[in-house]
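Structure first, commentary second.
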Amino acid sequence: MTPPKGVFIGQRKDRMGARLLMMLTCIRLAEDFDTDYRVNWFPQGADAPELDQPQDLFTKDWMDAYFLSTKDFDALSKQALPIWKFQNDKSPDRLIAHLNSGRSVLVEEGFEVFAFPWEDIETIRPRYREFIYRIGFTEEIRAIMDRADAKLSGQGVSAYHIRRGDILNGLPWKHTTWPAKIEPEELYEAHLEKTAGQTAIMFSDQPELIARFQSRFPNLLGMGDIADVSGMTRAQRDFLELYTMSRADLVIAPFISAFSMAAARISGQQRKVFRDVLSEDEIKQSNEQMIDRLRGGPSGFLNPSEAAHVYAKASFVLHGLDGGDRAEEARKLVEPLLEAKADNAFLPLLQALNLFYLKKWPEALELTEQALAHSGLWPEDHAVATALQAAIFGGQKKRWKAALSFSRAFWAKPMRPDVTIFGSRLVYRDQIAHRAMPPMDWVVLRAIRRPWFNYNAHVAQRKVLGRLPCNLDLILLDWSQLAIDQRARRLVSNSTRLSLIFEGLKNSTQLPPEARLSAEEPGYQSLRTLLEVRLGEKPLSAAIDDARRTVRVFPDSAFYFKRLADYYEMDGDFANGRLVMADALACDPGNPFLIFAMGQYLERNGAVEQGQNQIIQAAELDENTALIQGEAGRILLQRGDKKEARKYLRQAHVLCPTLKKFSNQLKRAGG
């Protein structure tokens, strides 16, 4: 007997737009592969309470037909495969066989129109516009959908989406910047003026903003011109606004906006950003108008928080590559916002950056301290403020303080572009005391460069550095265990990041003479060997032989002994690894980083109590590395010594106050 054909099962844990696109993708796949689809509306871990009442949107008959119960989902998913398992196939044969055998396919793609390699996405994309009508919406919802269709479809309408309310004024979102999610009003105004006479509609989670636009552009529509949705649930309003937006012929929105992206996908088109619909001159003029509005202070905005976020956007213009020297102008724009009590945690940080560019060290330092004292400061911004503090200390020739601050920033967020930029400045200018960092080859570190970062960060890179930044992943190659950030710890399994270091290594032979490495130097060869091992291009036995030769060249280098010990451990030779770790310690007996590394080595390889005692000893010697303090606190907490545990966990929390792990452990210790 032939089993019933497998189905496509759609599920998303997030919000409206992604869930709708997921369902449309399931409808498309079911049609093209001659089967059916189902929806797991309540997946485990879903985070969208406004969608917990799907009857607000869908008829009971449709949900009975297409929604899966937990029991049914568990049964179907046992033999299901995620759709990405078929994404690299060159033909549909394996997928068809999978479905014909009665096994299903999980579909979680929610932000792109989906197509397999053997399909033409451009023929699939336009079909999405009609798939929406196959979903069983209630009569109340369908009536408003029909009104939106009649008013907008085929009328040459431009739809604008403005992100504002939650991320500008809500907690905790208001306390960090969103440059890719926020565009200044002046850009919307420029396009409205450019397309004057054409119908347009605007969507925003801040109604007063739409009202402000409509006072200047009386023909601009809002959702209220389609239907009154004020008495509806949030799920109903979200869907109807998203659907109405999808009926426009052109959707214009910020770079990152899941809502507008979903609307465009549902309509079968690509949404546009302003660089697609305005010329460079029009954008430049709009940006200058934005800056001019900021000169008038917060009174030109709905509230000081909105002004602060628009300033964050303007800072990219003021400090842009072709922006000239506008740091003083930027400083003057921020002053009235701070005086108006804009309480956004990022604002003192952005002003500290302006003061740093102006070399006003004491004033900049005061602002970084103000930023770091703000309880709402996001972890990434906390790391940036700490790295900026390090650069200020460096500018004041306080190398030890600079090193301590940079160390805290780096171990918290080693992959943050701003941290890398400031760290590179300290390295190049010899403004960092090496003793505050774990043993490494600083000559090699100075020579391994990486490309400029090409995405948004707070810092204006070329105002800080005159050359390419170091690739600070080099530190993590040997010391990733000290990083708080979990992504940073995964460096050794990230071939893209490892390849970037390799590229920097090869390029190091072409640097100016004072920084250049020779391919014959032991430091160059040691790094090349380590990268080849991590990339699976060299056997461990050869790497161990290479590392033995290196330690003969550098008999007093704790760093290269530790690297050899790591190879032995990777090879399962724990006895030799322990001996070589002891050699590393003999080179630098009181080094807390080496003591910690030895402690972890022993703990991993059977000598648990001895290793843990060394970790505690390392924490006594080094009070500046959050991970070392936290590990000592963890061990003492496990041993039941809450009093001693509190001492170390309290210090770990002080060093990295944005990490909940330390604060939770401190609570368990009674702190």
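Between Phe86 and His98, the distance separating the two ring centers is shorter than 6.0 angstrom. Taking the six-membered ring for Trp, Trp442 and His434 have ring centres closer than 6.0 Å. Between Phe559 and Phe593, a ring centre-to-centre spacing not shorter than 6.0 Å is recorded. Checked against a 6.0 Å centroid threshold, the rings of Phe393 and Trp361 do not count as neighbours.
Ion pair Asp485/Arg416 not flagged as a salt bridge, since none of the NZ, NE, NH1 or NH2 atoms sits closer than 4.0 Å to an Asp/Glu carboxylate oxygen. Salt bridge annotation for Arg639-Asp641: absent, with no cationic side-chain nitrogen under 4.0 angstrom from a carboxylate oxygen. Remark: Glu603 engages Arg634 in a salt bridge, criterion side-chain N to carboxylate O under 4.0 Å. A salt bridge is absent between Lys562 and Asp588: the closest approach of a Lys/Arg side-chain nitrogen to an acidic carboxylate oxygen does not fall below 4.0 angstrom.
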Does Ile83 form a side chain to side chain contact (heavy atoms under 4.5 Å, CB included) with Thr25? I'd like the steps, not just the answer.
CA-CA 11 Å; Ile83 198 167; Thr25 296; 5.6 Å; no
How far apart are the C-alpha atoms of Phe596 and Leu482, what are their side-chain angles, what is the distance that settles it, and do they pass the side chain to side chain contact (heavy atoms under 4.5 Å, CB included) test?
CA-CA 9 Å; Phe596 180 76; Leu482 295 175; 3.7 Å; yes
For Asp583 and Leu564, what are the C-alpha separation, side-chain angles and deciding distance, and is it a side chain to side chain contact (heavy atoms under 4.5 Å, CB included)?
CA-CA 10 Å; Asp583 289 335; Leu564 174 57; over 6 Å; no
Does the pair Lys90 and Glu119 meet the rule for a salt bridge (Lys or Arg N to Asp or Glu O under 4.0 Å), with working shown?
CA-CA 10 Å; Lys90 291 185 168 61; Glu119 297 178 314; over 6 Å; no
Under the side chain to side chain contact (heavy atoms under 4.5 Å, CB included) criterion, do Leu81 and Leu106 qualify, and how do the steps go?
CA-CA 6 Å; Leu81 286 176; Leu106 279 170; over 6 Å; no
Residues Glu503, Lys506; criterion salt bridge (Lys or Arg N to Asp or Glu O under 4.0 Å); working and verdict:
CA-CA 5 Å; Glu503 183 181 339; Lys506 293 172 183 174; over 6 Å; no
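In the model, Arg408 has a side-chain atom that pairs as donor or acceptor with a side-chain atom of Asn624 under 3.5 Å. Arg563 and Ser526 are linked by a side-chain donor-acceptor pair at a separation below 3.5 angstrom, with hydrogens and angles left out of the test. If you check the side chains of Gln351 and Asn354, you find a donor sitting under 3.5 Å from an acceptor. For the residue pair Gln651/Gln629, the side-chain donor-acceptor check at 3.5 Å is not satisfied. The closest side-chain donor-acceptor pair between Glu569 and Asn605 falls under 3.5 angstrom.
Nearest heavy-atom pair across Ala632 and Ile615 is N-CG2, 4.0 Å. Minimum interatomic distance between Gly324 and Lys463 (heavy atoms only, all atoms of both residues): O-NZ, 3.3 Å. Of all heavy-atom pairs between Gln481 and Ala597, the closest is NE2-CB, 4.2 Å. In terms of heavy-atom proximity, Pro439 sits nearest to Trp479 at O-NE1, 2.9 Å. Across all non-hydrogen atoms, the minimal contact from Gly394 to Leu426 is CA-CD2, 4.0 Å. In plain terms, the two heavy atoms of Leu377 and Ala371 that are nearest each other are CD2-O, 3.4 Å.
The distance from atom CD1 of Ile475 to atom CD1 of Ile448, rounded to the nearest 0.5 Å, is 12.0 Å. Annotation: the span from Leu472 atom CG to Phe406 atom CZ amounts to 5.0 Å, rounded to 0.5 Å. We find the OH-OG1 distance between Tyr524 and Thr529 to be 10.5 Å, quoted to the nearest 0.5 Å. Rounded to the nearest 0.5 Å, atoms CZ (Arg650) and OG (Ser663) are 13.0 Å apart. Between the OG1 atom of Thr420 and the CZ atom of Arg450 there is a distance of 7.0 Å, given to the nearest 0.5 Å. Atom-to-atom distance recorded for Tyr428:OH and Cys470:SG is 3.5 Å, nearest 0.5 angstrom.
Distance alone, capped at 3.5 Å, places no donor-acceptor pair between the Thr177 side chain and the Pro179 backbone. The main-chain N or O of Asp430 is found under 3.5 Å from a side-chain atom of Arg399 such that the two form a donor-acceptor pair. Panel note: side chain Tyr648, backbone Ile628; no donor-acceptor pair is recorded below 3.5 Å. Side chain of Asp622 to main chain of Ala618: no donor-acceptor pair is present (N/O by atom type, distance under 3.5 Å, no hydrogens or angles). Under the 3.5 Å distance criterion, the side-chain polar atoms of Asn664 are matched with a main-chain donor or acceptor of Lys660. Not a single donor-acceptor pair under 3.5 Å links the side chain of Arg103 to the backbone N or O of Ala80. Using modelled atom types, one side-chain atom of His175 and one backbone atom of Ala345 make a donor-acceptor pair closer than 3.5 Å. Remark: side-chain polar atoms of Asp418 are paired, donor with acceptor, to backbone N or O of His458 under 3.5 angstrom. In this structure, Trp173 contributes its side chain and Trp178 its backbone to no donor-acceptor pair below 3.5 Å. Within the 3.5 Å criterion, the main-chain N or O of Ala312 finds a donor-acceptor partner in the side chain of Ser315.
Side-chain atoms of Leu465 and Gln461, non-hydrogen and from C-beta on, never get closer than 4.5 Å to each other. Side-chain contact between Arg497 and Leu476 is present, with heavy atoms from C-beta onward closer than 4.5 Å. Looking only at side-chain heavy atoms (C-beta outward), Met440 and Leu445 come within less than 4.5 Å of each other. By the 4.5 Å heavy-atom criterion applied to side chains, Val551 and Ser557 are not counted as neighbours.
Counted within 6.0 Å of CZ on Arg487, heavy atoms from surrounding residues, nucleotides or ligands total 12 or fewer; the atom is thus considered open. Counting non-hydrogen atoms of other residues, nucleotides and ligands closer than 6.0 Å to NZ of Lys401 gives a total of 12 or fewer. More than 12 heavy atoms of other residues, nucleotides or ligands sit less than 6.0 Å from atom CD of Gln396. Shown here is Gln44, whose CD atom has no more than 12 heavy atoms of other residues, nucleotides or ligands within 6.0 Å. Residue Arg94 qualifies as enclosed at atom CZ: its count of foreign heavy atoms under 6.0 Å is above 12.
Among residues two or more places apart in sequence or in another chain, the ring pair (Phe, Tyr, Trp, His ring centres under 6.0 Å) test is passed with Tyr357 by His319. Glu609 meets the salt bridge (Lys or Arg N to Asp or Glu O under 4.0 Å) test with no other residue; sequence neighbours excluded. The ring pair (Phe, Tyr, Trp, His ring centres under 6.0 Å) search around Tyr560 returns Phe554, not counting sequence neighbours.
Cation-pi geometry between Lys359 and Phe356 is not met at under 6.0 angstrom from the ring centre and within 45 degrees of the axis. Geometrically, Arg528 does not engage Phe502 in a cation-pi contact, judged by NZ or CZ lying under 6.0 Å from the ring centre and within 45° of the ring axis.
Relative ring orientation between Phe114 and Phe116 is described as perpendicular, the plane-to-plane angle rising above 60° on a 0-90° scale split at 30° and 60°.
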